[in-house]
Each structure stands twice: as structure tokens, then as C-alpha cells.
Amino acid sequence: KREGRPPREVAADLARRIDVADLCEPIEIAGPGFLNFRMHPEVLAAAANDLLADPHTGIDQAERSQRIVIDYSSPNVAKQMHVGHLRTTIIGDCFNRVLTASGHTVIPQNHVGDWGRQFGMLIEQIADENLDLDALDRAGAEALYKRANERLAADDAFADRARARVVALQSGDEATGAIWSRLIDVSKAGFNEAYERLGVLLADGDIAGESFYNAMLEGICTDLEARGIAVVDDEALVVFADGFEAPAILRNRHGGYGYDVTDVAALKYRAQTLRADRIVYVTDARQHHHFELVFAVARKAGYVGDETSTEHVGYGMVLGRDGRPFSTREGTAAYLIDLLDAAEEHVTRPIALAAIKYADLSNQLQKDYVFDVERMTATTGDTGPYLQYAHARAHRILTRAEAERLTWDEVTVLTEPAEQNLALLLSRFGEIVALVASDLQPHKLCTYLFELATAMSVFYEQCPVLKSEGEVCASRLALCATTRKVLATGLGLLGIEAPNQM
Ligand code: ARG
């Protein structure tokens, strides 16, 4: 329209000017003005062969390697990890793997809730019950939490003592600190058990919980008040940020520090001390406003500069089969451990994990998803186990070929459309991973792997592998071997294992 010429004429003009002779056959003009690019089979074969040599070389490396902080998992001490923590742990682990594979330095930060108000009531309850801390296990800590929480609501004197106890903890009272640290240990053991079971990368060294920032809080308040960025409002010290109605609270009117100021301190530490270029937070979508506010405050304070990006990746809820959110109160399976158990009742652990992780990652993250074990563990359809199955199938063909003393070296023949389509998809692997690294949308990698598995099964149907001969057979085996490697590598980036047998 802008050129004032018929589209086919513009297309022909473009076709003359675009120089892709090294990659494609002469460009064809089709229909009302489409340009068709038909890749040279040798180019596709070369791309496949690079992946066959090492699928990781196929992952586009970032032009500039960044230092990327990912804040994920971040469960709360003395509480069991719930379904929400399952999602952040799985999503964050996937980001960690994808960004690392893309050439970045990832610094995981497990912002464990180890400093909040709950410790006041927990420690008071322990004192009242004269509880033996050495005998306290995770279930015990959980039950303790419930008892303390009930009393908090019913008993005002207890609530007062609990508040005073938080102040004692935050100001470094030794006896209080000793009980606190025991509670931390019990919880940490539980978190690690869950991480190990989930097969995620988090380790003790990644923990930088809320308590870690305690020493910075007073300084931040003094600094921001001195510079006029923080103001006293209704006896509390707060920061108003442009575009936000309510301010961020640095110090409440009782002199206590909370979630907001701790996150401001964490941002300062991550930008200035960890020298992060990019800071990513993975929590449920409901915390979006909180993060936007603390990002704005940290920027206003100059703690985070323009050269550092901050992103909140919010995810939706996990729903039961009745379409309602799992909730701890209604007594349905809401704890992470229960969900894992439920899935493992149907299938073995690697398959159960594939089912859960894939269900978590294969939809747009902001969407809620239904935890339907039957559907998630099916080996047909768009599921993790289906992809594992496709991988195992490729492995089985290669094992059979080996048993028949067949050998393969490289992809050399790409004459059938099904072969070409498979090779074309393989060549896109690196680009897809790069997309996930920039957009943080793992469902794009899931969709790609599902398409790849589907293309592979079309290829099997239309192109006999073991029954073909000579160079064709060797080339098709090489294509199977490449697909197997890309499936395994791609699943690996999602945090999903690719067993050789199902
Ligand atoms: N502990 C919080 C929760 O369970 C999540 C913390 C997220 N990270 C952060 N820096 N605030 O909801």
C-alpha cells in the first residue's frame, strides 16, 4: 500500500534484492505476494550435524554475558512448602538452566522467609510449652505453628508478648536467636529434602533469607530519610513512589521492619554487591504490585540504576480438578509433598516429575492450571511423559541399529518432506532457547519440543529407518540421533530427565 504497487511486484523486487543464495534455492513468489524460501538440504543437514556433534553448541550464546540474579523458591520457615512454592521452584530452576546454557552467570537467591512476625509467636509458644527443641522435627514445627497461630488470634496478652519477641529477635537478643536458629535448621532440612526430590539446582549456598538483610535495614532508613526520599507518615517511615497510591513501608510505627524494606535492601545488595545486570523475581502473580513498588523505590533511591533491569515473573494458581485453588485450610492436598506423592502413586519418580514440571511450564505462566494427575501423566498428548516417551523411542531405534551393526555418522540425505521438516525444526533449537532466555516464557520451549516429537513420529511413519539401506539408512539414523540429543537437551533445560527407557 505504501509503495503504491501491486504486492506481487514488490515481492519480486524484494526477491531480487534479498541475497540468501548460500542458504536457499531461488526465492519463489507465491499467491498474492508471498515469498517462499526453500532451504538447501545441505544447509539443513549442516545445522543438524552441528547439533549431533554437540547439542549445546546449537544454543545461541548471548552477545554479552550478564550476571543474572533469580529470586525463586523462597519458602517460609516453620511452614511447609505449599503448591505455590512448587511453581516458583520449578519455574526458577528452568530459568536458571536456560540462562546458564545461554552463557550467563546465574546467581540464584533463595529469599527464605526466616525473619517475619511468625517467629514472635513461635518462640513464645515454645517457651510456654517448654518444648524440647532437639526433638523438634518438621511435622512438629508445623503443628507448633498451628497452635501458636490459634493462640495469637484468641489471646491478646500472648499477641503482645509475640510482638515484643520479634523486636528482641531483630535487635539481636541471644537466647531468642538460639531458638530461632534451631527453627531455621529444622526447616532447611525440609526444604533440602524437597529440592532433592524435585531434582532442582538449589543448594544451601543460594539461601539469602530475609534475616540476611537485617543488618542493612537501619542504614537504609537513615540514608533515605536524610536524603528526603523517605518521610514520616502516621508515625511510620515510608517512601512514596510515582504512580503508586500507597507508599512502601520502611519502618512501621512500632519500629519494626517488614517485607517491603527487606526487599529494598535485597535489591540494593543484588545491584551493588552482586553487581547484577538483571534481577528476576519468581512468585505468584498476586505479589506483582509489591515488586513494582519496591523496584520503583530502589530506583528512586539510586540503589538500582538504569543499567540493571528488574523483572517480576508472576505465575497463576494451581487448581484442583474441581477448578478451585488448592488451599491449605480446606484440607485438600495443598502441600508440595502431597502433590508429589499423588503423582508418584501413578508413575515412577522421573515420569511423575516430568508430568508436574511440564504441566507447570507448558502454559503461559500467568495462567492457572489444573493439577490433574491422569491427564498430566498420559504418554499421549502434550505432556512431559509423551516427550520422554519420544526420546526413549529414538533411543530404542538407535540401540536396535547398533545391535544390527549399523553405523551412522552424519545427516547427508534430506529428500523426503518428513526428513526436511524434522531437520528444519532441529535447526531452530538454538533460536528457541534464546527466545526463552530473553522473554522468560518456557512454554515456547515446550511447544517447540512437542512439535519436534510430533515431527519425529511423522518421520518414522513416512521414512523407514531400519528397513532402509546404505547412505539413506545411515543418514536417517543420524537424524534420529540428533533428534534424541535435542529432545534430551531441551528437556534438560526444563529440568526434566530423559530416561532411555520408559
Ligand atoms: N517468602 C515469600 C512467600 O512465600 C516469597 C518471597 C519472594 N521473594 C522476595 N524477595 N520477596 O510468599
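Hydrogens, waters and symmetry mates are skipped; everything else that's a heavy atom, side chains included, is used. Every number for a ligand or one of its atoms is a count from 1 in the order of the listing.
- Looking from atom 12 (O) of ligand 1 to the surrounding protein, the closest heavy atom is Q287 NE2, 3.0 Å.
- By the 30° and 60° cut-offs, the orientation of the rings of Y281 relative to F295 is tilted.
- With a heavy-atom cut-off of 4.0 Å, D284 does not touch ligand 1 at all.
- Atom 6 (C) of ligand 1 has as its closest protein heavy atom Y259 OH, 3.2 Å.
- Contacts between T262 and ligand 1 below 4.0 angstrom, taking non-hydrogen atoms only, are absent altogether.
- The aromatic rings of H395 and H391 sit parallel, their planes meeting at an angle under 30°, below the 60° perpendicular limit.
- Partner of R278 under the side chain to side chain donor-acceptor pair (under 3.5 Å) criterion, out of E307, H104, E311, Q66: E311 alone.
- The nearest heavy-atom contact from the protein to atom 2 (C) of ligand 1 is S74 O, 3.6 Å.
- With a 4.5 Å cut-off on side-chain heavy atoms, F95 and Y72 do not count as touching.
- No part of Y72 comes within 4.0 Å of ligand 1, judged by heavy-atom distances.
- We find that R151 and E124 are not joined by a salt bridge, their nearest charged nitrogen and carboxylate oxygen being 4.0 Å or further apart.
- V282 places none of its side-chain heavy atoms less than 4.5 Å from the side chain of L440.
- Regarding atom 8 (N) of ligand 1, its nearest protein heavy-atom neighbour is D71 OD1, 3.1 Å.
- The protein heavy atom nearest to atom 9 (C) of ligand 1 is H111 CD2, 3.4 Å.
- Taking every heavy atom of T283 and a limit of under 4.0 angstrom, the matching atoms of ligand 1 come to 7 (C).
- For atom 4 (O) of ligand 1, the nearest protein heavy atom (residue, atom name, distance) is H85 NE2, 2.9 Å.
- Close approach of ligand 1 to Y281 (heavy-atom distance below 4.0 Å) involves ligand atoms 10 (N).
- Checked against the 6.0 Å centroid threshold, H111 and F212 do not count as a close aromatic pair.
- Side-chain atoms of S211 never come within 3.5 Å of backbone atoms of W115 as a donor-acceptor pair (strictly under, hydrogens ignored).
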